[in-house]
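Here's the structure we're looking at; comments come further down.
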Amino acid sequence: MSTQAAKVQSIAKAEIGYKEGYSNGHWNNKEKYAAEVPTMAWVSAGGYPWCALFVSWVALKAGVADLYPRSASCPYGVSWFRGKGRFSEYPAIGAQVFYGSGGGTHTGIVVAYDPTTITTVEGNTNTSGSPEGDGVYLRKRNRRDANTYGYGYPKFAEGITTADPSKKGKSGFTYKASATAPAGASSTGSTSTASKTKTVTVKAGQTLGVIAASAGVSIATILGLNPGIKDADVIHPGDKVTVPAATPKPTATAKPKPSTPSSSTASTPKFPGAKYFKAGASNAYVTQLGKALVKKGYGRFYSVGPGPTWSNSDRSAVKAFQKAQGWSGSDADGYPGSETWARLMK
């Protein structure tokens with residue numbers, strides 16, 4: 001059967017991969033959630049941090065808005081749960097986790113836990129280690145990290161599944177040392193990514209893009225399962241990478257194409273030619289390329305822009321994108337060809 005906690009899990013996880021707005025070379029905190037939460041439109045309008053707002057949005061969409069604080073303030077959220085006597089140092093499924101001094105720095109929703117880690121869905125964060133959050137990610141963090149402050153427990157109708165040993169045998173609580181779903185949730189249907197993972201060893205010549213394609217998932221999913229990977233372009237033979245263990249096999253179109261680029265299709269803007277992308281070049285095509293790279297998630301290479309003048313930032317972003325396709329050598333040299341262009345413009 002479906003439970004309130006399971007609904008929260010499902011709605012939160014469906015948002016993984018969403019990105020906020022981007023302008024003037026930076027992510028700008030303009031998101032879709034504030035306008036949908038009554039009295040909270042000012043968060044996006046003012047470009048304010050939105051991690052707590054995201055939790056409020058999930059609660060609203062799950063039909064349990066009164067079980068979570070409606071606020072953009074993490075300190076207020078901690079106080080709200082404490083006032084109801086529902087704050088703990090132990091994780092629980094559907095709990096609102098708080099980070100930083102006094103729990104006032106950042107927040108998210110717990111979707112799984114084990115004796116050493118928590119798996120969360122968090123808004124206004126990233127996986128690069130930068131303080132500038134850019135979207136909704138699945139994160140895996142250490143429970144005993146000094147930055148993990150505590151957890152607010154929503155009072156779900158079915159009770160809450162928790163790792164808190166003091167709740168054993170108490171009404172409204174189900175104790176489990178590890179959990180990937182709330183007690184009473186259906187055993188069929190979708191399950192937490194954390195419950196179906198395996199570890200692979202990076203081989204010589206492999207990129208994160210190749211590993212992601214082999215697992216049938218996006219690079220963002222791989223980064224969400226491996227918070228220790230700070231740069232998607234930097235992995236080494238022998239490194240251990242966590243990937244989903246049971247996913248549909250990728251279709252032929254999802255597999256990396258051979259390194260020999262093919263011509264662009266009629267459904268994408270025609271490749272203007274290599275002459276527009278070289279040292280000293282300045283034209284509208286460079287801007288168009290840069291904007292496409294930002295939309296694909298490669299905005300981290302730009303401190304300003306993108307703009308019309310070809311720069312090392314453009315080349316680094318193109319190179320990272322090419323490597324993510326499984327290409328290497330001259331096919332991942334940072335200069336766009338017709339196939340790179342076609343994939344970016346899709």
Side-chain angles (χ1 to χ4, degrees), residues 16-19 22 126-128 134-135 137-138 200-226 229-237 239 241-244 247-274 276-278 285-302 306 310-346:
I16 294 170
Y18 171 80
K19 292 293 187 70
Y22 188 89
N126 59 57
T127 56
S128 68
D134 59 35
Y137 289 83
L138 185 72
V200 299
T201 302
V202 178
K203 298 177 181 178
Q206 276 190 320
T207 65
L208 209 60
V210 170
I211 292 172
S214 297
V217 297
S218 67
I219 291 179
T221 297
I222 298 297
L223 290 173
L225 290 172
N226 297 270
I229 298 178
K230 304 302 182 183
D231 188 335
D233 301 317
V234 181
I235 57 173
H236 308 91
D239 286 353
V241 178
T242 300
V243 301
T247 58
K249 291 183 178 180
T251 61
T253 56
K255 294 178 180 178
K257 292 187 176 181
S259 59
T260 302
S262 60
S263 60
S264 60
T265 64
S267 62
T268 60
K270 183 179 179 181
F271 179 56
Y276 292 98
F277 308 100
K278 61 183 181 179
Y285 294 120
V286 175
T287 303
Q288 185 178 7
L289 177 80
K291 289 181 176 180
L293 285 160
V294 169
K295 288 182 179 180
K296 293 289 187 181
Y298 294 86
R300 65 184 183 276
F301 292 96
Y302 296 93
W310 179 256
S311 67
N312 287 332
S313 296
D314 294 300
R315 186 179 179 189
S316 295
V318 171
K319 188 173 184 178
F321 175 79
Q322 291 169 330
K323 286 184 176 181
Q325 312 310 300
W327 303 339
S328 61
S330 61
D331 294 312
D333 60 4
Y335 294 103
S338 58
E339 182 63 25
T340 297
W341 179 268
R343 294 193 184 195
L344 281 170
M345 298 302 156
K346 285 181 180 179

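Smallest separation of non-hydrogen atoms from T207 and I235: C-CD1, 3.6 Å. Residue K323 comes nearest to A332 through the heavy atom pair CG-CB, 4.1 Å, listed as atom of the first residue, atom of the second, then distance. Closest non-hydrogen pair, K296 versus K346, comes out as NZ-O, 3.8 Å. Between P237 and A204, the shortest heavy-atom contact is CG-CA, 3.8 Å. Contact detail for A292 and M345: the closest heavy-atom pair is CB-CE, 3.9 Å.
To the nearest 0.5 Å, the span separating OH on Y137 from NZ on K19 amounts to 3.5 Å. A distance of 7.5 Å separates CD of Q325 from OG1 of T340, quoted to the nearest 0.5 Å. The structure places CZ of R343 at 7.0 Å from CZ of F321, a figure rounded to the nearest 0.5 Å. Of the inter-residue distances, the one linking Q206 atom CD with T201 atom OG1 reads 9.5 Å to the nearest 0.5 angstrom.
Every residue two or more places apart in sequence or in another chain that forms a side-chain hydrogen bond (donor to acceptor under 3.5 Å, both in side chains) with S311 is listed here: D314. Contacts of S330 classified as side-chain hydrogen bond (donor to acceptor under 3.5 Å, both in side chains), with partners at least two apart in sequence or in another chain: none.
Taking the side chain as every heavy atom from C-beta outward, L344 and P336 never approach each other to under 4.5 Å. The shortest side-chain heavy-atom distance between Y22 and D134 does not fall under the 4.5 Å cut-off. Between Q322 and D333, some side-chain heavy-atom pair lies under the 4.5 Å cut-off. Q288 places none of its side-chain heavy atoms less than 4.5 Å from the side chain of P272.
Relative orientation of the Y285 and Y276 rings is perpendicular, given thresholds of 30° and 60° on the angle between their planes. The aromatic rings of W341 and F277 lie tilted to each other, with the angle between the two planes from 30° to 60°.
Looking only at distances, no side-chain donor or acceptor of R315 sits under 3.5 Å from a matching main-chain atom of K278.
By the neighbour-count criterion of 12 heavy atoms within 6.0 Å, atom NZ of K291 is sparsely surrounded, having that number or fewer from other residues, nucleotides or ligands.
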